[in-house]
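This chain uses plain numbering: 1 for the first residue, then up along the sequence. Bear in mind the structure is a predicted one, so any value in this text is a computation, not a measurement.
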Amino acid sequence: MERLQKVIAASGLTSRRKAEVLISEGRVRVNGNVIREMGYKVKKGDRIEVDGELIQKENKVYYVMNKPKKCLCTLDDEHGRKTVVSLIDCEERIFPVGRLDYDTSGVLILTNDGEFANMIIHPRYHLPKTYDVLIDGILDTSQIKELEKGIQLDDGMTLPAKVRVRKKDYALKKTKFDLTIVEGRNHQVKRMVEYFGYQVTSLHRKSIGFLKVDDMSQGSYRLLKPQEVKDLRRLANEGK
């Protein structure tokens with residue numbers, strides 16, 4: 001048995017929070033009875049109606065996109081800017097899993113499966129995410145060791161990271177490196193770099209676990225294969 005608001009949200013009709021509002025307003029019926037109880041649980045086969053309309057369980061879909069720069073990881077934008085959701089042609093009510101900044105490109109998963117999304121972004125699962133980073137400074141050995149050990153940000157100590165320096169341009173004072181983290185804090189990579197007084201000038205997420213978009217142009221997307229979804233779940237569970 002599952003909570004009523006969770007089942008409504010899983011149908012794709014609305015969010016769980018909005019479903020709770022609908023319940024409190026008496027707009028939800030189960031087997032013909034108005035339900036206002038937040039903890040009410042329903043079982044398989046129960047007839048659930050919202051505003052007189054029978055809800056249908058939504059098929060779970062999973063997409064991977066090579067997010068382009070100058071595109072927002074949100075459902076809509078009041079200023080009319082391009083969003084990642086607007087790039088995908090599908091009937092389901094999907095959302096981006098986590099966020100990549102407006103000026104950041106790379107691997108992005110979109111789905112309507114909230115449980116799966118939580119496994120991808122929650123730090124307790126330790127799912128590795130690797131970024132291609134270019135900064136306006138020379139990253140020295142001591143700074144690399146600090147990144148790998150963990151640094152103190154305003155919202156707490158970061159978990160250990162992996163750093164692989166790819167190029168140091170002493171003439172232009174730039175460093176290109178791969179950074180692998182297992183968290184997904186807001187602007188985390190940029191803040192980790194700013195800790196040393198540098199600025200990120202280019203950022204691209206290369207992978208989430210084994211998932212890459214090397215063969216995809218920016219803005220293109222595809223459905224994840226069932227085995228890929230299964231393997232991502234397994235990898236996340238192994239990291240707990």
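Look at Lys162 and Asp178 and you find no salt bridge, because none of the NZ, NE, NH1 or NH2 atoms lies under 4.0 Å from a carboxylate O. Between Arg16 and Glu20 there is no salt bridge, since none of the side-chain N atoms of the basic residue sits less than 4.0 Å from a carboxylate O of the acidic one. A salt bridge links Arg27 to Asp51: one of the charged nitrogens lies within less than 4.0 Å of a carboxylate oxygen. With respect to Asp103 and Lys70, no salt bridge is recorded, no charged nitrogen being found less than 4.0 Å from a carboxylate O. A salt bridge does not link Arg124 to Glu183: none of the charged side-chain nitrogens sits closer than 4.0 Å to a carboxylate oxygen.
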| Can you list the steps and then say if Glu238 with Arg234 is a salt bridge (Lys or Arg N to Asp or Glu O under 4.0 Å)? | CA-CA 6 Å; Glu238 288 176 352; Arg234 176 183 52 78; 3.2 Å; yes

| task | Show the numbers, then the answer: is there a side-chain contact (heavy atoms from CB on, under 4.5 Å) between Val34 and Val28? | result | CA-CA 6 Å; Val34 174; Val28 178; over 6 Å; no

| request: With side-chain contact (heavy atoms from CB on, under 4.5 Å) as the test, would you mind laying out the steps for Leu179 and Thr130 before giving the verdict? | output: CA-CA 6 Å; Leu179 178 66; Thr130 300; over 6 Å; no

| field | Worked check of side-chain contact (heavy atoms from CB on, under 4.5 Å) between Met192 and Leu153 | value | CA-CA 7 Å; Met192 291 172 75; Leu153 298 181; 4.3 Å; yes

| request: Kindly determine whether Arg164 and Glu148 satisfy salt bridge (Lys or Arg N to Asp or Glu O under 4.0 Å), including the steps that lead there. | output: CA-CA 10 Å; Arg164 184 173 74 90; Glu148 292 179 331; over 6 Å; no

| Are Ser15 and Lys18 close enough, and set up right, to give a side-chain contact (heavy atoms from CB on, under 4.5 Å), and what steps lead you there? | CA-CA 5 Å; Ser15 67; Lys18 178 61 175 176; 3.4 Å; yes

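With values rounded to the nearest 0.5 angstrom, Lys129 atom NZ is found 8.5 Å from Ile121 atom CD1. With rounding to the nearest 0.5 angstrom, the CG atom of Asp136 is 12.5 Å from the CG atom of Asp169. Note that the CE atom of Met216 and the CG atom of Asp214 stand 10.5 Å from one another [nearest 0.5 Å]. The distance from atom CG of Asp113 to atom CD1 of Ile109, rounded to the nearest 0.5 Å, is 11.0 Å. Taking CD1 of Ile151 as the start and CD of Glu194 as the end, the distance is 10.0 Å to the nearest 0.5 Å. Between the CZ atom of Arg17 and the CG atom of Leu22 there is a distance of 13.5 Å, given to the nearest 0.5 Å.
What you find for Val84 and Leu110 is that their closest heavy atoms are CG2-CD2, 3.8 Å. Of all heavy-atom pairs between Thr14 and Ala19, the closest is CG2-N, 3.9 Å. Residues Lys149 and Pro160 come closest through the heavy atom pair O-CG, 3.8 Å. Of all heavy-atom pairs between Val107 and Leu211, the closest is CG2-O, 3.8 Å. Across all non-hydrogen atoms, the minimal contact from Ile120 to Leu232 is CD1-CB, 4.3 Å. Among all heavy-atom pairs drawn from Cys73 and Gly98, the shortest one is CB-O, 4.4 Å.
Residues Thr158 and Gln188 are in side-chain contact: their nearest non-hydrogen atoms beyond the backbone lie under 4.5 Å apart. The closest side-chain heavy-atom distance from Leu100 to Tyr131 is below 4.5 Å. The shortest distance between side-chain heavy atoms of Gln143 and Tyr195 does not fall below 4.5 Å. Contact annotation: the side chain of Leu127 never approaches that of Val182 to less than 4.5 Å [non-hydrogen atoms, C-beta and beyond]. Inter-residue side-chain proximity for Phe95 and Val85 is flagged as unmet; no heavy-atom pair is nearer than 4.5 Å. You'll find the side chain of Asp101 reaches within 4.5 Å of the side chain of His187, heavy atoms only. Taking the side chain as every heavy atom from C-beta outward, Arg99 and Leu72 never approach each other to under 4.5 Å. Using a 4.5 Å heavy-atom cutoff, the side chains of Ser24 and Met38 are in contact.
Lys173 contributes no side-chain N or O that, together with a main-chain N or O of Ala171, makes up a donor-acceptor pair within less than 3.5 Å. Judged by distance alone, the side chain of Thr83 and the main-chain N or O of Ser86 form a donor-acceptor pair under 3.5 Å. Under a 3.5 Å cut-off, the side chain of Glu53 and the backbone N or O of Val50 do not form any donor-acceptor pair. For Thr175 (side chain) and Gly137 (main-chain N/O), a donor-acceptor pair under 3.5 Å exists by modelled atom type.
Geometrically, Arg233 does not engage Tyr125 in a cation-pi contact defined by less than 6.0 Å to the ring centre and at most 45° from the axis.
The number of heavy-atom neighbours closer than 6.0 Å to CG of Asn59, taken from other residues, nucleotides and ligands shown, is 12 or below. More than 12 heavy-atom neighbours from other residues, nucleotides or ligands sit within 6.0 angstrom of NZ on Lys174. Shown here is Asp89, whose CG atom has no more than 12 heavy atoms of other residues, nucleotides or ligands within 6.0 Å. Residue Glu115 places its CD atom among 12 or fewer non-hydrogen atoms of other residues, nucleotides or ligands, all under 6.0 Å distant. Enclosure of atom CD in Gln152 by more than 12 non-hydrogen atoms of other residues, nucleotides or ligands within 6.0 angstrom is indicated. Other residues, nucleotides and ligands contribute only 12 or fewer heavy atoms inside 6.0 Å of the CD atom of Glu91.
Looking at Lys82, Gln218, Met65 one by one, the single match for side-chain contact (heavy atoms from CB on, under 4.5 Å) with Cys71 turns out to be Lys82. Checked against Asp132 for a side chain to side chain donor-acceptor pair (under 3.5 Å), the options Arg166, Lys206, Arg205 give a single hit: Arg166. Shown are Ile181, Val193, Leu139; of these, the side-chain contact (heavy atoms from CB on, under 4.5 Å) with Leu147 is made only by Leu139. The only member of Val97, Val64, Ile94 that meets side-chain contact (heavy atoms from CB on, under 4.5 Å) when paired with Thr111 is Val97. When the options Val30, Val42, Leu54 are evaluated for a side-chain contact (heavy atoms from CB on, under 4.5 Å) with Arg47, the one that passes is Leu54.
Applying the ring-ring contact (aromatic ring centres under 6.0 Å, His included) rule to Tyr63 yields the partners Tyr221; only residues at least two apart in sequence or on another chain are considered. The ring-ring contact (aromatic ring centres under 6.0 Å, His included) search around Tyr62 returns Phe116, not counting sequence neighbours.
Linking ILVMFWY side-chain heavy atoms closer than 4.5 Å, directly or via other members, places Ile48 and Tyr40 in a single hydrophobic cluster. Residues Val165 and Ile138 are members of separate hydrophobic clusters, defined by side-chain heavy-atom contacts under 4.5 angstrom among Ile, Leu, Val, Met, Phe, Trp and Tyr. Residues Leu75 and Leu87 share a single hydrophobic cluster, defined by chaining ILVMFWY side chains whose heavy atoms lie under 4.5 Å apart.
Relative ring orientation between Phe196 and Tyr198 is described as tilted, the plane-to-plane angle lying within the 30° to 60° band.
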